[in-house]
Amino acid sequence: MLNLDMLLSEVSSVGISGHIRPDGDCIGSCLGMYLFIQKYYPSVETDIYLEEIPEKYRFLKGSDKIISAGSRDKKYDLFICLDCGDPGRLGANAVFTDTAEKTACIDHHITNNAFAMYNQIVPEASSTSELVADLIGTDRIDYDMAQALYLGMVHDTGVFQYSCTSSHTMALAGALMDKGIPFSRIVADTFFTKTFAQQKAFGRAAGKAQLVMNGSVILSSITMKDRRDCGAAVSDLDGISAQLRDTEGVHLSIFIYELAPEDFKVSMRSDDTVDVSVIASCFGGGGHKKAAGCDVAGTESEVFEKLLEQVKAQTDGES
């Protein structure tokens, strides 16, 4: 197991970052780590880099310290990558993997190839936030760290309903709840509550959905025009793929949204029928067996055609 204390005792500066378009687990694990270093290694200069985070996460302590813009010419003794399967997923912050004296990666994506000098890669873990909590130790986690790490676990387990949830996950969640955090409010405010723009975006995606492969696969998309019409940001599209997957008889959902003309982000959710991490890897992405993503170029129809070819390669199904 990666020894955080050994690494931190040998450095005077640390940079922290996670993947582009950060989700709840990425934000929670990064802030949990940042707050831990701030509290137990106050002499270590620590910076946290993430793309702009949604407003609903800004109640977390340390969120106001996140650096989203500006130069990336600072050199750190240690750079910690969290919830990120490869350097390319760090976006502009990937430069730190080249300039830092030491690098560490903490992640639970099965497609992670252990690219850092020090790695803690556990695909069986529910979330990177769970791994960070284990590395810190519950006895050293305070209220603010607990909020961040609990939020991260909630989001990557779908409020503890996904198969990545283990008895250890539940025990750890209980230990974080015992820190006095408003656990029910965290779930309600950051997972279940949707803005009007989010509701409109899901309505648009649901209205465009189609069933293929004898009703076992559901497809849907959101274009740049759709987002403008709904007043939705990219972050407002989180969770749509999982909602589509809940359709009766569906084993796999493929949701794509346009980032730029003919450039689509792909989000896939599956049961045991299809390993979506394999599909994502074909296009330079990654993730887990039941949840993965990638970027694919082409028109909507071309992107769906490319993805379904990979689905059929695993299932021998017919549309």
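Numbers here are sequence positions counted from 1.
- Around CD1 of I110, the count of heavy atoms belonging to other residues, nucleotides or ligands within 6.0 Å does not exceed 12.
- For the 3.5 Å distance criterion, the side chains of D156 and S127 fail to qualify, holding no donor opposite an acceptor.
- Following chains of ILVMFWY side-chain contacts shorter than 4.5 Å, one cannot reach I80 starting from F96, and the two form parts of different hydrophobic clusters.
- Taking the six-membered ring where tryptophan is involved, the planes of F160 and Y150 are tilted, since the angle between them lies from 30° to 60°.
- For the residue pair L82 and C26, the shortest heavy atom distance occurs at O-SG, 4.5 Å.
- Note on V266: it does not cluster hydrophobically with I240, by side-chain heavy-atom contacts below 4.5 Å among ILVMFWY residues.
- Surrounding NZ of K306 are more than 12 heavy atoms belonging to other residues, nucleotides or ligands, all under 6.0 Å away.
- Few gaps surround OH on Y143; more than 12 heavy atoms of other groups in view lie less than 6.0 Å from it.
- Outside the 6.0 Å centre-distance limit, the rings of Y162 and H288 are not counted as a close aromatic pair.
- For D25 and H155, the side-chain atoms include no donor-acceptor pair closer than 3.5 Å.
- Under a hydrophobic-cluster definition in which Ile, Leu, Val, Met, Phe, Trp and Tyr are linked whenever side-chain heavy atoms come within less than 4.5 Å, directly or via other members, Y41 and M6 are assigned to different clusters.
- Relative to the six-membered ring of Y40, R140 meets both conditions, a distance below 6.0 Å and an angle of at most 45° to the axis.
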>> Show, in sequence, the C-alpha distance, side-chain angles and deciding distance for I16 and I37, and conclude whether the side-chain contact (heavy atoms from CB on, under 4.5 Å) test is met.
In response: CA-CA 10 Å; I16 297 170; I37 298 173; 4.0 Å; yes

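- Residues S253 and S241 come closest through the heavy atom pair OG-O, 2.8 Å.
- Defined by atom type and a distance below 3.5 Å, a donor-acceptor pair is present between the side-chain atoms of D271 and T273.
- Annotation for L244 and S220: closest pair CD1-CB, 3.8 Å, computed over non-hydrogen atoms.
- Contact detail for H109 and I121: the closest heavy-atom pair is O-CG2, 4.0 Å.
- Ionic pairing of D226 and K208 is present here: one or more N-O contacts between side-chain nitrogen and carboxylate oxygen are shorter than 4.0 angstrom.
- No continuous path of hydrophobic side-chain contacts links Y57 to I20 [ILVMFWY only; heavy atoms under 4.5 Å].
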> For L307 and F283, what are the C-alpha separation, side-chain angles and deciding distance, and is it a side-chain contact (heavy atoms from CB on, under 4.5 Å)?
Replying inline: CA-CA 9 Å; L307 294 166; F283 300 97; 3.8 Å; yes

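- Both Y118 and V44 belong to a single network of hydrophobic side chains, linked directly or stepwise wherever heavy atoms of I, L, V, M, F, W or Y lie under 4.5 Å apart.
- The backbone N or O of D83 sits nowhere less than 3.5 Å from a side-chain atom of R89 that would complete a donor-acceptor pair.
- Between R269 and R245, the shortest heavy-atom contact is O-CD, 3.7 Å.
- A salt bridge does not link E309 to K312: none of the charged nitrogens lies less than 4.0 Å from a carboxylate oxygen.
- When atom types are taken as modelled, the side chain of K179 and the backbone of Q147 share no donor-acceptor pair closer than 3.5 angstrom.
- L35 approaches K61 most closely through the heavy-atom pair CD1-O, 3.5 Å.
- Salt-bridge formation is detected for the pair D272/K290: a Lys NZ or Arg NE/NH1/NH2 atom is positioned less than 4.0 Å from an Asp or Glu carboxylate oxygen.
- Of the charged side-chain nitrogens involved, at least one lies within less than 4.0 Å of a carboxylate oxygen, so that D295 and R21 count as a salt-bridged pair.
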